[in-house]
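Reviewing the structure listed below.
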Protein chains: 2
Amino acid sequence: MLELAILGFLYDAPLHGYELRKRITALTGHVRPVAESTLYPAIKRLEKAGLLARATQPGSVAAPRHVLTLTEEGRQELRRRLAEPAQRDITDENRWFTVLAFLRHLDDSAAQAAVLRRRLAFLEEPASFFYDGDRPLRAEELDDPFRRGVLTIARATSRAELSWLRDTIRSLDG
Amino acid sequence: MLELAILGFLYDAPLHGYELRKRITALTGHVRPVAESTLYPAIKRLEKAGLLARATQPGSVAAPRHVLTLTEEGRQELRRRLAEPAQRDITDENRWFTVLAFLRHLDDSAAQAAVLRRRLAFLEEPASFFYDGDRPLRAEELDDPFRRGVLTIARATSRAELSWLRDTIRSLDG
DNA sequence: ACGCAATACCTCGTAGTCGAGGTATCCTCT
DNA sequence: AGAGGATACCTCGACTACGAGGTATTGCGT
C-alpha cells in the first residue's frame, strides 16, 4: 500500500522523500500514519528493484535532497499493480482507497472498469461481521448497540459505494 | 487488532484456537484475512504474557484441542484496551470496528461513551484525502472520477457514523 | 547569542505478519 | 481400501512496519 502510494505520486512528478512523506500523510495519514522509518526503507527497496532513481540535489532549504524519479520499469510496475491489484487491495478499504487515488494512471478505461468490477463483485457478496452459525445477522437482530453500529455504518458505506461503482462503471463503458 | 479480537472472543467463553480462527475470520476475514501462522504465534504471545491459559483436551473430533481461557489479567487487559484504545484503533476503520465489536464488555456506560467521543472528535476534524496546498478539496472540485469516488464514499460513511455516534452517545448518557 | 522549529535524511532493534510447508487424526464418499 | 476433506496445531524464513534515536542545515524569534 505504501509502495503503491510512492509509485503513484512519483508517476505525476519527481519528488524528494520529505515531500513524498507530506503527500502520503495527506492521503492516508489521518487514518494510518506513515513513520519516516517506514518510508525511507521503502524508497530504498523500490530503488534497489530498479523502479525509481535518485538524483542528489544541493539542499535548497536545508539538507541535500534526493529527488526521486520513476524509471520506465517503475511506471510499468505502477500500471501493473493498478491493473491487477492483490485481493487485499480490493477488500481492505485503506488499500482500496489508495488504488482509487491513482487509478487514473491506467490509461485504458476498460482496465479501470475491470478493477471497479472486482470491487463491485466483492461488495455484492453477502457478508456480515456477525453470524448465527452460518447465517449472517442483520443489524435489527443484534442486541448489542455497538455491533449494531458496525452493521449500520458498513451498510451505509456499502450502499454509497455500490451506487458510485455502478454509475462510474456505466460511464466508463459508455 | 488481532490480539484485541482474541481477548474479546475469549471474554465470553473459552475456545480453542481453531474455533477462534473461524470467529475472527467471520468478524474481519472478508476484509482482512488472518493467516493461521499469525494467529497461533499471537496466542502464544498472550499466553506468555499471562493473559490466557491453555488446557489440553483430548481431541473430540481430531487432533487434541488447546482450550484457551482468559486469566483475570487477561480480562483486565481487555477492559483496559477497550477503555484506552491507541489512536490507531480510533482512526483506522478496521481497528475501530474491532473495538466496537467488543465494547459491550466495558461495564461502565460512561467509559463506553468516552470511547465513542474520541471517535466523534476524530470524525469532526476537517480532513480530506486530497489537498490543494493546505486547503482540503471537496469532491466537486476534483476532475478525477476515482478520487471523487473516494471522497463521496468517505463522506457517506462519515455522515452515517456521525449520526449513529451522536444517537448512541445520547442514549448512553441519558 | 541562543534556542527552537522546520527541513531532510538515516540507522537500529524489535515485533508483527505472511506464505509455504509440515504433522496427525477422524469422517465420508466412492 | 483408498482418497480427500475437515479438524487441529505447529515451524520456518522473509518481509514489512514501528518507535526511538541520530545527524546536519537553515531561518525565525527573543
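Only heavy atoms go into these numbers, but all of them, side chains included; no hydrogens, no water, no symmetry mates.
Contact between the side-chain N/O atoms of B/Lys44 and the OP1/OP2 oxygens of D/dC9 is not found at any separation under 4.0 Å. Taking only side-chain nitrogens and oxygens, A/Arg32 never comes nearer than 4.0 Å to OP1 or OP2 of D/dC18. Under 4.0 angstrom from either OP1 or OP2 of C/dT7 there lies at least one side-chain N or O belonging to A/Tyr18. Residue A/His66 places no side-chain N or O under 4.0 Å from the OP1 or OP2 atom of C/dA8. Contact annotation: A/Arg65 side-chain N/O to D/dT26 OP1/OP2 distance is not under 4.0 Å. Between D/dC10 and B/Tyr40, no contact under 4.0 Å exists linking OP1 or OP2 to a side-chain N or O.
Counting only distance, with no hydrogens or angles, the side chain of A/Thr56 and the backbone of A/His66 share no donor-acceptor pair below 3.5 Å. In terms of modelled atom types and a separation under 3.5 Å, the side chain of B/Glu124 and the main chain of B/Ala121 share no donor-acceptor contact. A/Arg118 places a side-chain N or O within donor-acceptor distance of the main-chain N or O of A/Pro85, the cut-off being under 3.5 Å. Remark: the backbone N or O of A/Ile153 is paired with a side-chain donor or acceptor of A/Thr157 at under 3.5 angstrom. Between the side chain of A/Glu84 and the main chain of A/Arg81, no donor-acceptor pair closer than 3.5 Å is present.
In DNA chain D, runs of at least 3 consecutive Watson-Crick or G-U pairs, each pair with both distances below 3.5 Å, span C:1-30 with D:1-30.
Computed from coordinates, the B/Leu68 CG to D/dA8 P distance equals 12 Å when rounded to whole Å. A straight line from CG of A/Leu20 to C1' of C/dC10 spans 16 Å, rounded to a whole angstrom. Between the CG atom of B/Asp89 and the P atom of D/dC18 there is a distance of 13 Å, given to the nearest Å. Distance CG (A/Asp92) to P (C/dC18): 11 Å, rounded to an integer number of Å. Atoms NZ (A/Lys48) and C1' (D/dT16) sit 14 Å apart, rounded to a whole Å. Taking atom CD of B/Glu36 as the reference point, atom C1' of D/dA6 lies 12 Å away to the nearest angstrom. Computed from coordinates, the A/Gln87 CD to C/dG19 C1' distance equals 16 Å when rounded to whole Å. Distance A/Leu39 CG to D/dT16 P: 14 Å, rounded to the nearest Å.
Between B/Arg32 and A/Asp92 the shortest heavy-atom distance is NH2-OD2, 2.6 Å. In terms of heavy-atom proximity, B/Leu82 sits nearest to B/Val99 at CD2-O, 3.8 Å. Here the closest heavy-atom approach between residue B/Thr91 and residue B/Arg119 is recorded as O-NH1, 3.5 Å.
Both A/Val34 and B/Glu19 lie close to DNA chain D; mapped to their nearest nucleotides by heavy-atom distance, the more 5′-ward contact belongs to B/Glu19.
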Original post:
Would B/Arg104 and B/Gln112 count as a side-chain hydrogen bond (donor to acceptor under 3.5 Å, both in side chains) if you check the C-alpha gap in whole Å, the side-chain angles of each, and the deciding distance to 0.1 Å?
Top reply: CA-CA 8 Å; B/Arg104 71 189 147 111; B/Gln112 292 172 337; over 6 Å; no
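Taking the centre and axis of the six-membered ring of A/Tyr11, the NZ or CZ atom of A/Arg75 falls inside the cone set by 45° and 6.0 Å.
For A/Phe129 and B/Phe97, the gap between ring centers is short of 6.0 Å. Taking the centre of each ring, B/Phe102 and A/Phe146 stay at or above the 6.0 Å mark.
In the region residues 74-84 of chain A, proximity to DNA chain C at under 4.0 angstrom, judged on heavy atoms, holds for none of the residues.
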For nucleotides 12-17 of chain C, list the nitrogen or oxygen atoms of the protein found under 3.5 Å from its nitrogen or oxygen atoms, one pair per line.
| residue | atom | partner | partner atom | Å |
| --- | --- | --- | --- | --- |
| C/dG16 | OP2 | B/Arg45 | NE | 3.2 |

